[in-house]
> 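So that we are looking at the same thing, I have put the structure below in structure tokens.
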Amino acid sequence: MANERYNAREAEVRWQKTWDTQKIFQTTNEDPRPKYYVLEMFPYPSGRIHIGHVRNYTMGDVVARYKRAKGFNVLHPMGWDAFGMPAENAAMQNKIHPKDWTYENIATMRAQLKLMGLSLDWEREFATCDVDYYHRQQMLFLDFVEKGLAYRKNAKVNWDPVDQTVLANEQVIDGKGWRSGAEVEQRELTQWFFKITDFADDLLSEIDNLTRWPDKVRLMQRNWIGKSEGLQVRFQLSEEVHGHSEVEIFTTRPDTLFGASFMGLSADHPLTKELAKDNAELAAFVEECHKMGTSAAELETAEKFGFDTGLKVVHPLDSSIELPIYVANFILMDYGTGAIFGCPAHDQRDLDFARKYGLTVTPVVLPKDADPASFTVADEAYTGEGTIFNSEFLDGMSIDAAKDAVASKLEAVIIDDKPQALRKTQYRLRDWGISRQRYWGCPIPMVHCPDCGVVPEKKENLPIKLPDDINFDKPGNPLDRHPTWRDCTCPKCGKAAKRETDTMDTFVDSSWYFARFTAPWETNPTDKKAVDEWLPVDQYIGGIEHAILHLLYSRFFARAMCETGHMTVKEPFQGLFTQGMVVHETYKGEDGRWVSPAEITVSEKDGKRSAVHKETGETITIGSIEKMSKSKKNTVDPTDIIETYGADTARWFMLSDSPPERDVIWTEAGAEGAHRFIQRIWRLTLDVSEFLDFSALEKPETLSGEALALRKLTHKTLATVESTIEQLGFNRAVAQIYQLVNAIASAAKKEKLDKDASLCWVVDESMQLLLLMCSPMMPHLAEECWSQLGKEGLVSTQSWPQADSAMLTEDEITLPIQINGKKRGELTVAADADKDTIEKAVLASEPVLKALDGKAPRKVIVVPKRIVNVVI
RNA sequence: GCGGGCGUGAUGGAAUUGGUAGACAUACAGGACUUAAAAUCCUGAGGCCCUAGGCCGUGCGGGUUCGAUUCCCGCCGCCCGUACCA
């Protein structure tokens, strides 16, 4: 065995330079070969790359390199999702300008990424905070305004009354502002929205065609859009109040109308607002409702409260019944009409509410086999199937029939020239609020003119640049208090006017960057020819946390960009893969402070792992495995890993073991194991280059013994690696490669090779195929070994090899024999043996004869090429 | 609360998608080489029972099936999203 160690640090930089000077990863739009667009979700420039990035970008890089070898013109770009709150937080805490902070981070992270040897086209790089980029985003915004896809309306925000500023949901902790600790209030502001609901139906139905998306993501998007068929019903008030004579509700369960025991209004319902004007108690209740954050999780887990208005509505199907009207904190103004009827027996929230306020609970859906006389609902609402009862003319109907009967009946009732009820399709999806009262985002290019109102800025006046001379000494939006930035002239009448100071949600930036990558130099947002050729992205890779919002917003943007003539592809991502997180153990010192993995040494004794501080010797407690985070200090810096072991080790480890869609635990041992394997391939390469006389190799006519076995294994491995990479099952590809290396290593012994010329040829072929297979995953090592073996050119530019189909078939196969479903033996038969032959052989086999003991089997199940089961 | 997912040896996981559970790797133990260590190579191993051999075993409890890690129902635990974190 050769002893020279592979010097990854030296070799990796050298090969990166070679790829760079030969520009082999730069992509031109004019290339005639079939295109393949592989994209990983671009990073937020938080400061340094983390292992999660390494995992994400390695996966994409394997696909990019593999597809390049397969003959595709591959687009594999990189950029920065560079606007957002952390830059402003850094500005407040460290007195650094958000722009400087961001671009410094980008420089650091770019340098880190370059060490990984990713096959990226860096010529196309941009950051969303580049004026060039947000200039084009402002153009898109104006086009959206023109098409009615952007508009203004009121919406609620989290308001910090002490800091006098709008808070993000994550800045609200237990209902209090994170900085001031003040109780957060809901406030209404006029804000900009994108009309994503215009596309609700298309966004929903096209999910069916996203066959290369994970089912779970498709399901989540369907549920998010939340299409439901229901009935909008007008309930008449028993007496007119403030000019209101009725309240309209939306329900998906009109079949349960006879189980209604109350009506519920949102705290923001127009009637609630009217009533609160001269009802101090109600006004106080509404204010109480507003002392909550705006996030759904918070609203829905909060205890349910109601306020009895004392008003009544008349039951639409039985005028002798009157229902009380409550204002309740769990009814959202955003969904339906902001009013509901409560049927406690068949809705859990309504039931909780009814129990709290002592309202009646009348079941109207009878489960199958239940007794109508005794069926009651206690603490759990019945939401299942059944037959309608306690419901007059609906009794005995199925749920669906009753829904239809109620709809038909109320449609026919005319009040004030309008039917009392309308069948309606409702979506849970709401329009996308994009206004942010922050500095570090894309300015919304609109002007507020005292005479003309809200007017779009002229395109020729774009870009509306962010001013640099700002500070974060005071709370609130620096754009608001900038001495001059707001001042402008009205694009319509030319008089003095003010700029909009809201900036755009950073999700806007990431909703079209994939389109911009196809022609980042273009003066328009897109080069239509380029974008239509490159899109959709063939393989998009990123975290599951983006399953809904980012992906849905991007799908909306593609549609909106189609409507405004910027492209014609409406589904941006044809293939989607969601990778898991990288997690790590946590460590705590004696005083309970978090300690980073770099500060400690872990040892194992008698199966018990313990840790001590490297410098102080202090005992360290090993804690649970958690998502890597700065606050818990359980992060691993990829640059440290690359300096210690090299980029290929980091890449290989991130692909090994864990299925890519699942979380992976970063362990030092795992990294060392990956590194040992890299050294093993290098030693194997040195051995082979020493033992083989490459000039004397000749393809043998026939193969037998170990040479045949190795060649079969090599080609089978090639076929498997190919199919697993196609499925992004990298961990399985890795396991196959381990096995192949074990086999090559045992064949590549000097004494064996000296005796067997055909084995020499097979080993040479196996090594070449091995390196080609490894190249997408460990590209630097593959180059180094390729050149060590004296092969021509760069591995990175070789074509993907084709497996020899003659090597993939077996003459004989071994079938497991089961008796009563348990494995009791094996049977070797010809691969093409038919059922009868197998059955006869099985019945004559030793374990079966023994188990049957002269009796006849009850049943024999033969699954060709799989298994035989004898039932006794 | 709601929506989605995951759970297999000491550990990461594999299992041709209903057909031999534990491939491959990590950690561990023993051996070889070495003055020694590292590296490397070889060997062992799911648990239990005294062996032949057998029993148990894929979070827990049920079900469907000749056969279930895989499908169905109900629990438990953890994770993601929940519209202003990105």
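Note that these values count all heavy atoms, side chains included, but never hydrogens, waters or copies made by symmetry. What you see is a predicted model, and the numbers here were worked out from it, not measured in a lab. Chain letters run A, B, ... following the sequence lines, proteins first and then strands; every chain starts at 1.
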> Is there a donor in the side chain of A:D160 and an acceptor in the side chain of A:W178, or the other way round, less than 3.5 Å apart?
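Checked: A:D160/A:W178 side chains show no N/O donor-acceptor pair below 3.5 Å.
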> Looking at A:G542, is its backbone amide N or carbonyl O close enough to the side chain of A:T578 to form a donor-acceptor pair, meaning the two atoms are under 3.5 Å apart?
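Absent.
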> Between B:A86, B:U17, B:G81, which nucleotide gets closest to the side-chain atoms of A:I548?
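Given the options B:A86, B:U17, B:G81, the side chain of A:I548 is closest to B:G81.
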> Going by the glycosidic torsion and a 90 degree boundary from 0, is the base of B:G9 oriented syn or anti?
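For B:G9, whose glycosidic angle is within 90° of 0, the conformation is syn.
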> Could you list the protein-to-nucleotides 7-9 of chain B atom pairs, N/O on both sides, closer than 3.5 Å?
| from | atom 1 | to | atom 2 | distance (Å) |
| --- | --- | --- | --- | --- |
| B:G7 | OP1 | A:R662 | NH2 | 3.3 |

> Take the protein atom CG of A:N223 and the nucleotide atom C1' of B:U82, then report the distance between them rounded to whole Å.
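Atom CG in A:N223 sits about 12 Å away from atom C1' in B:U82.
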> Would you mind telling me which of B:C56, B:U16, B:G4 lies closest to the side-chain atoms of A:L219?
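Comparing B:C56, B:U16, B:G4 against the side chain of A:L219, the answer is B:G4.
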> Can you tell me which nucleotide in B:A86, B:C80, B:C55 comes closest to the side chain of A:I544?
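Nearest to the side chain of A:I544 among the choices is B:C80.
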> Would you indicate what A:S295 reaches in the nucleic acid, counting non-hydrogen atoms under 4.0 angstrom: base, sugar-phosphate, or nothing?
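Contact class for A:S295: sugar-phosphate only.
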> What's the closest nucleotide to the side chain of A:K823 if the choices are B:A86, B:A21, B:C84?
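Among B:A86, B:A21, B:C84, the one nearest the side chain of A:K823 is B:A21.
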> OH of A:Y553 versus P of B:A86: gap in Å, rounded?
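One finds 12 Å between P of B:A86 and OH of A:Y553, rounded.
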> Mind running a 4.0 Å heavy-atom check of residues 167-174 of chain A against RNA chain B and sending the residues that fall below it, in number order?
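The stretch gives A:L167, A:A168, A:N169, A:E170 as the residues lying under 4.0 Å from the strand, ordered by number.
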> Across the strands shown, which category fits A:G543 at heavy-atom distances under 4.0 angstrom: base, sugar-phosphate, nothing?
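No contact.
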> Does the side chain of A:Y335 come within less than 4.5 Å of A:R428's, by heavy atoms?
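Yes; the side chains approach each other to less than 4.5 Å.
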> Considering every strand and a 4.0 Å limit on heavy-atom distances, what is the contact class for A:F677: base, sugar-phosphate, or nothing?
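If one applies the 4.0 Å heavy-atom cut-off, A:F677 turns out to touch nothing in the nucleic acid.
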> Whenever both distances are under 3.5 Å in a Watson-Crick or G-U wobble pair, mark it; put RNA chain B into dot-bracket that way, with [ ] for crossing pairs and | when the partner is on another strand.
(((((((..(((......[....))).(((((.......))))).((((...))))..(((((..]....))))))))))))....
> Atom pairs under 3.5 Å, N or O on each side, protein against nucleotides 23-26 of chain B: can you list them with distances?
| from | atom 1 | to | atom 2 | distance (Å) |
| --- | --- | --- | --- | --- |
| B:A25 | OP1 | A:N742 | ND2 | 3.1 |

> Please list, chain by chain and in numerical order, all residues satisfying side chain to side chain donor-acceptor pair (under 3.5 Å) with A:D657, sequence neighbours excluded.
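Checked A:D657 against side chain to side chain donor-acceptor pair (under 3.5 Å); zero matches.
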> State whether A:D268 and A:K156 are salt-bridged, where the test is any N-O pair (Lys NZ or Arg NE/NH1/NH2 against Asp/Glu carboxylate O) under 4.0 Å.
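Salt bridge present between A:D268 and A:K156.
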> To the side chain of A:S658, which of B:A86, B:U40, B:G13 is closest?
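Selected nucleotide: B:G13.
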> Find every protein N or O atom lying less than 3.5 Å from an N or O atom of nucleotides 64-68 of chain B, and list the pairs.
| from | atom 1 | to | atom 2 | distance (Å) |
| --- | --- | --- | --- | --- |
| B:C66 | O2' | A:N869 | ND2 | 3.4 |
| B:C66 | O2 | A:N869 | ND2 | 2.4 |

> Where the side chain of A:N869 meets the backbone of A:G821, is there a donor-acceptor pair that is under 3.5 Å apart?
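Pair found, side chain donor or acceptor close to backbone of A:G821.
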> Does the base of B:C6 carry an N or O that pairs as donor and acceptor with the side chain of A:E661 under 3.5 Å?
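Counting by modelled atom types and ignoring angles, no donor-acceptor contact under 3.5 Å is found here.
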> Would you kindly check if the NZ (Lys) or CZ (Arg) of A:K356 is within the cone defined by 45 degrees around the ring axis of A:F305 and under 6.0 Å from the six-membered ring centre?
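Here A:K356 passes the 6.0 Å and 45° test against A:F305.
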> I need the CD1-C1' distance between A:I744 and B:C41, as an integer number of Å.
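One finds 18 Å between C1' of B:C41 and CD1 of A:I744, rounded.
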> When we call it a touch if two heavy atoms are under 4.0 Å apart, what does A:R428 touch: a base, just sugar-phosphate, or nothing?
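The answer is base, as A:R428 lies within the cut-off (heavy atoms under 4.0 Å) of a base atom.
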> Under 3.5 Å, is there a donor on one side chain and an acceptor on the other for A:W159 and A:T165?
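Side chains of A:W159 and A:T165: no pair found under 3.5 Å.
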> A:I838 CD1 to B:U20 P: how many Å, rounded?
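About 15 Å, once rounded to whole Å.
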> Considering only side-chain heavy atoms of A:K216, which listed nucleotide, B:U20, B:C85, B:G4, is closest?
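The listed nucleotide nearest to A:K216's side chain is B:G4.
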> Does B:A83 have OP1 or OP2 sitting under 4.0 Å from an N or O in the side chain of A:R430?
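Answer no for this pair, as no side-chain N or O of A:R430 is under 4.0 Å from OP1 or OP2.
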> Send over the distance from A:D334 CG to B:A83 P, rounded to a whole Å.
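In whole Å, B:A83 P lies 11 Å from A:D334 CG.
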> Just how far, in rounded Å, is P of B:A39 from CD of A:Q679?
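Atom CD in A:Q679 sits about 12 Å away from atom P in B:A39.
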> Ion pair present between A:R55 and A:E40, side-chain N to carboxylate O less than 4.0 angstrom?
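A salt bridge is absent here (no side-chain N lies under 4.0 Å from a carboxylate O).
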> Measure across A:L479 and A:R438 and return the closest heavy-atom pair with its distance rounded to 0.1 Å.
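It is CD1-O, 4.0 Å.
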> Counting heavy atoms from C-beta on, name the nucleotide in B:A14, B:A86, B:C84 closest to the side chain of A:P659.
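It is B:A14.
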